[in-house]
Amino acid sequence: MLPLVMRATWCTDIHLNFPLPRALRQFYEAIEAEAPDIVLLSGDIAESDSVVHFVDEIATQTGAKVYFVLGNHDYYRSSIRHVREQVTRIPKLATWLPGVDPVRLDDRVVLLGVDGWGDARCGDLDSPIQLSDWHLITDFFDVRMDPFGRIELLQKLGADEARVLREKLARAPDAEELFVLTHVPPFPQACWYAGAQSSPEWLPWFTCVSTGEVLAEYAANHPATRITVLCGHTHGQGVFEAAPNLVVRTGGWPPNVDDYGNPIVQSTFEF
Ligand SMILES: [Fe+2]
Ligand SMILES: [Fe+2]
């Protein structure tokens with residue numbers, strides 16, 4: 001039976017391959033202190049060789065059911081396809097949202113998710129910023145020295161994410177509240193870093209314009225549904241109201257911290 005009030009604790013960019021054992025224990029205790037029924041993870045959980053382990057460990061340690069999407073770091077040292085195949089086989093306590101139909105959390109609230117990708121459709125496409133993704137994810141190996149090939153691949157990955165999101169939304173039951181979990185901010189205005197929008201050189205790799213288009217269209221066609229998007233990737237906290245019924249919350253580093261290895265709880269929602 002579902003609890004009368006459900007508590008959903010959201011974390012993002014926890015990069016659990018970095019923390020020392022003590023920081024990891026403190027992180028699990030911080031989640032437990034929120035007394036969540038479910039935990040939402042919006043990507044960059046770890047890397048390809050440990051993401052399954054950590055997702056499973058969070059569920060086991062906290063006793064909460066985990067819903068998650070993958071971020072770019074979760075594919076490091078492997079391929080997108082291989083990691084996605086792995087996470088679809090995780091035991092029932094943890095669910096990769098792109099692999100399942102929208103989840104009805106109660107009679108008012110629905111949850112769905114897509115991974116998202118920085119899809120090189122805004123900002124400075126001649127950006128000098130190079131991402132580790134292109135050297136650590138095998139899908140990029142053929143284009144790592146080819147800026148045009150990279151942009152083409154990123155735009156295709158973004159379009160694939162938009163297609164999956166469109167399919168999920170089409171299957172979502174009517175809801176007063178819709179939570180969408182994704183890794184990459186779907187609007188440039190949601191690419192927060194240090195309290196401001198990321199600069200144009202970062203935006204091509206920090207924004208999934210394709211999923212933003214799908215969300216904006218859905219919000220316009222469903223004015224009675226309140227949509228909350230939970231994302232991360234930029235490691236800067238902020239809130240962007242994309243439409244009266246569409247709010248994007250971007251999670252980030254804890255205050256005064258600018259390094260991996262300090263996973264925190266972003267917030268807990270009650271409904
Ligand atoms: Fe991250
Ligand atoms: Fe990321």
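Both ligands and their constituent atoms are indexed starting at 1 by order of listing.
Both L40 and V103 belong to a common hydrophobic cluster when Ile, Leu, Val, Met, Phe, Trp and Tyr are linked at side-chain heavy-atom distances under 4.5 angstrom. Hydrophobic cluster membership is shared by L157 and I129, with clusters built from Ile, Leu, Val, Met, Phe, Trp and Tyr side chains linked at under 4.5 angstrom.
Using cut-offs of 30° and 60° for the angle between ring planes, the W253 and Y260 rings count as perpendicular.
Put simply, CZ on F140 and NE2 on H135 are 11.0 Å apart, with the number rounded to the nearest 0.5 Å.
Within the protein, the number of N, O or S atoms lying under 2.8 Å from the Fe ion (ligand 2) is 4.
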Apply side-chain contact (heavy atoms from CB on, under 4.5 Å) to residues W117 and I80 and explain how you reach the verdict. CA-CA 11 Å; W117 208 279; I80 298 169; 3.7 Å; yes

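Taking 4.0 Å as the cut-off between side-chain N and carboxylate O, R150 and D146 do not count as a salt-bridged pair.
Around the Fe ion (ligand 1), the two atoms NE2 of H235 and NE2 of H15 are separated by an angle of 90°, to 10 degrees.
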